[in-house]
Amino acid sequence: MRLRRTLPLPLVAGLALLAGCAPTQSAPAGNGGDEKTGTVRVWLFDEANRAPKEAAVKDAIAEFKAAHQGVEVDVQWVPVEGRADKFSGAFTDPASAPDAAEFGNTDVSSYAATGALADLTGDLASWSEGKDLIPTVVDTAKAGGKTYGLPWYTGIRALYYRTDVFTELGLKPPTTLAELTDDARKIRAAKPDLYGISVGGKYTYAMLPFLWANGGELAQESDGKWKSAVTGEQAKAGVTQYANLIKDDVCPPAQCANLTGTQSVTAFAGGKAGMTIGGDFNRKAVDQGAVKGKYAVVPIPGTTAGSVAPAFAGGNLLGVFNASKRRGLALEFIELLGGAKYQEKMYTAMGNLPTLGSVQQKLAANDPFLKPFVDTLKAGTKFVPATPAWSKIDSQNVLPTAVQQIATGGKDPAAALTDAAAAMDKAFG
C-alpha cells in the first residue's frame with residue numbers, strides 16, 4: 001500500500017496508503033451466498049480529490065447495472081486514516097461487511113488472517129484478463145500462498161530532480177546511489193536555500209531501495225517463521241547510506257528527520273529541494289507546485305552504474321468478503337473495475353499505474369513520464385514481509401526510529417538497528 005494523497009502512500013502511499021493496522025485475530029467469516037439480484041455493497045478509499053475517481057467508478061457502475069438487471073451498486077467512501085476501525089468492524093461482524101472492498105497490499109496478510117477475505121486464486125486464474133497481470137504485482141496480493149485481491153493499481157517510486165538546477169550546476173542525473181549523494185551535497189553547497197534532496201526520517205519507502213540495492217533484506221523466513229535481517233552488514237550499509245542524506249550538508253535533521261513521504265514530495269513541489277523520491281501518483285501534486293515544467297524523473301539508481309535500485313511495490317487491491325451474499329456479482333464488479341478499460345480510466349483520473357502489462361505499455365508509449373516507473377517495475381521490485389506482524393512493525397515506527405537515531409547521531413547504526421531488529425523479532429513472535 002503506498003503513501004499518497006490521503007495519507008501518505010506512499011503508498012501512499014503513503015502512499016501512500018501504506019501502513020496496515022488491522023487486527024490479526026481470527027473472526028467469523030460469515031456464511032456467504034451467490035444471489036443474482038439486489039445491491040452489491042462496495043467500499044472504496046476516499047481521496048483528497050475524490051471527484052475524478054468517483055466519476056470513473058460511476059461509469060463502471062452504470063456499465064455493470066446495464067448488464068445486470070435488478071442489480072444496484074452502493075459505494076461507500078472510506079477515509080484511509082479510519083480504515084482500521086471500519087475493517088475491524090467488518091471482520092468481527094460479518095453482517096456489516098461489504099461484498100467487495102479496496103484495501104492496501106501491505107494489509108493483505110493481517111486481513112487474510114481474520115478469515116474474512118475470499119481466496120481469489122482460482123478466480124484470477126480463470127479471469128480473461130488475468131494472464132496480463134504483472135506477476136510481481138500479483139505476489140503482493142498473496143498471503144500463505146493464496147491470492148486475496150485483484151491488483152487494481154501499483155505505486156512505484158523513482159527519483160524526481162530539478163532540470164533547471166542540474167543544468168545550472170552542470171550536473172547529470174545520478175547513475176549510482178553514491179552519485180546521488182554527491183549531487184545532493186553539491187546542490188546544497190551551491191544553493192543553501194535548497195535541500196540537496198528532500199527525504200525524511202519517516203519516509204520508509206524511500207529508504208528501502210537503499211537497503212535492497214546494497215544487498216540487504218528486511219527479514220528472512222524459515223519454516224514459516226520470520227526473523228529480522230536489518231543487522232546484516234549489507235542492510236546496515238543501505239540504511240546508513242539513506243540516513244546520511246538527512247544531514248546538514250544535504251537535508252538538515254532539524255527540518256528533515258521527521259519528514260514523511262508526503263512532506264518530502266511537498267517540499268520538492270514547493271521549490272525547496274533539488275531532488276526527491278516520489279511516486280508516479282505524485283505527479284499531479286508536483287505539477288501543481290512551483291517546479292512545474294522544471295523537473296524530470298529517472299529510476300532510483302543502484303550501487304553500480306546502469307543498475308536500478310529495487311523499489312517497494314506498493315498499491316491497492318480489490319477483494320471480496322467471504323460473508324458476501326452476492327459473491328459472483330461482487331467478483332464480476334471488481335473484474336470490471338480492475339480490467340483494462342477502467343485501469344486506463346483510473347490512470348487518466350488519478351495517475352494510478354496499471355497492473356495489467358498491456359495497459360502499462362500502451363500508456364507509457366504515449367506518456368514519457370511513465371517510462372522510469374515502468375522501467376523500475378521491469379527491473380524488479382520487492383515487498384515487505386508477508387506476515388500480519390508487519391502491520392505492527394509499521395505502526396510502531398520501528399524502522400523510522402532507527403533512521404532518525406542514525407541521522408541525528410542519537411545512536412550509531414549498529415546500535416540503532418540492533419534495537420530495531422529486537423522490536424521486529426518481538427512482533428514476528
Side-chain angles (χ1 to χ4, degrees), residues 1 5-6 11 17 22 29-30 32-47 49-105 107-108 111-112 114 116-120 123-124 127 129 141 147-153 315-346 349-350 352 354-355:
M1 189 175 202
R5 294 170 290 273
T6 46
L11 194 12
L17 302 173
D34 199 19
E35 298 175 15
K36 301 301 183 184
T37 59
T39 300
V40 179
R41 298 175 60 242
V42 181
W43 288 356
L44 298 177
F45 284 139
D46 205 353
E47 306 285 348
N49 178 18
R50 186 208 300 172
K53 179 177 182 178
E54 189 169 14
V57 172
K58 283 184 175 179
D59 286 347
I61 291 173
E63 181 174 338
F64 190 74
K65 288 173 62 177
H68 298 83
Q69 289 188 348
V71 173
E72 297 290 333
V73 178
D74 174 35
V75 172
Q76 290 187 31
W77 298 96
V78 178
V80 176
E81 60 274 13
R83 74 190 188 281
D85 290 340
K86 187 76 170 177
F87 276 83
S88 179
F91 297 151
T92 56
D93 177 17
S96 69
D99 297 291
E102 174 185 3
F103 49 92
N105 57 15
D107 288 330
V108 170
Y111 286 8
T114 68
L117 297 181
D119 174 10
L120 302 183
D123 299 293
L124 293 186
W127 181 38
E129 298 185 69
T147 305
Y148 288 95
L150 188 164
W152 195 12
Y153 58 86
N316 283 13
L317 316 169
L318 297 170
V320 175
F321 273 68
N322 275 324
S324 173
K325 301 294 186 183
R326 299 170 178 82
R327 188 189 192 284
L329 289 172
L331 180 64
E332 285 188 54
F333 183 72
I334 68 169
E335 287 180 344
L336 174 65
L337 199 55
K341 178 179 180 179
Y342 287 96
Q343 282 204 13
E344 187 168 348
K345 279 180 175 282
M346 284 295 293
M350 306 299 294
N352 297 338
T355 59

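Predicted, not measured: the structure shown is a model, and the values here were computed from it.
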Test item: [X] side-chain N/O and [Y] main-chain N/O as donor-acceptor pair under 3.5 Å:
{"X": "Thr355", "Y": "Pro151", "value": "yes"}
{"X": "Lys86", "Y": "Pro79", "value": "no"}
{"X": "Gln343", "Y": "Gly338", "value": "yes"}
{"X": "Glu129", "Y": "Ala340", "value": "yes"}

[X] [atom1] to [Y] [atom2] distance, which is reported to the nearest 0.5 Å:
{"X": "Asp46", "Y": "Glu102", "atom1": "CG", "atom2": "CD", "answer": "10.0 Å"}
{"X": "Arg50", "Y": "Leu44", "atom1": "CZ", "atom2": "CG", "answer": "9.5 Å"}
{"X": "Tyr342", "Y": "Asp59", "atom1": "OH", "atom2": "CG", "answer": "5.0 Å"}
{"X": "Met346", "Y": "Lys53", "atom1": "CE", "atom2": "NZ", "answer": "5.0 Å"}

- Task: Would you name the heavy atoms of Pro98 and Trp43 that are closest together and state the gap between them?
- Result: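 Scanning both residues, the minimum pair turns out to be CG-CD2, 3.5 Å.
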
- Item | Closest contact, heavy atoms only, Ser324 versus Val320 |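 That closest heavy-atom pairing would be CB-CG1, 4.4 Å.
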
Are side-chain heavy atoms of [X] and [Y] found at a separation under 4.5 Å?
{"X": "Met350", "Y": "Tyr153", "answer": "no"}
{"X": "Phe87", "Y": "Thr114", "answer": "no"}
{"X": "Leu337", "Y": "Trp152", "answer": "yes"}

- Message: Let's go through Leu117 and Phe103 carefully: what are the C-alpha distance in whole Å and the side-chain angles of both, what is the deciding distance for side chain to side chain contact (heavy atoms under 4.5 Å, CB included) to 0.1 Å, and is it a yes or a no?
- Response: CA-CA 11 Å; Leu117 297 181; Phe103 49 92; 3.8 Å; yes

- Run the side chain to side chain contact (heavy atoms under 4.5 Å, CB included) check on Arg41 and Phe321 step by step: do they pass? CA-CA 10 Å; Arg41 298 175 60 242; Phe321 273 68; over 6 Å; no

- Item | Option among Leu318, Val73, Asp99, Asp74 that satisfies the side chain to side chain contact (heavy atoms under 4.5 Å, CB included) test with Val42 |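 That would be Val73.
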
Identify every side-chain donor-acceptor pair in residues 326-336 under 3.5 Å, counting partners at least two apart or on other chains, and give the distances.
residue, atom, partner, partner atom, Å
Arg326, NE, Thr37, O, 2.7
Arg326, NH2, Glu35, OE1, 3.1
Arg327, NH2, Asp119, O, 3.4
Arg327, NH2, Asp123, OD2, 3.0
Glu332, OE1, His68, NE2, 2.9

- Task: Show your working on ring-ring contact (aromatic ring centres under 6.0 Å, His included) between Tyr148 and Tyr111 and close with a plain yes or no.
- Result: CA-CA 9 Å; Tyr148 288 95; Tyr111 286 8; over 10 Å; no

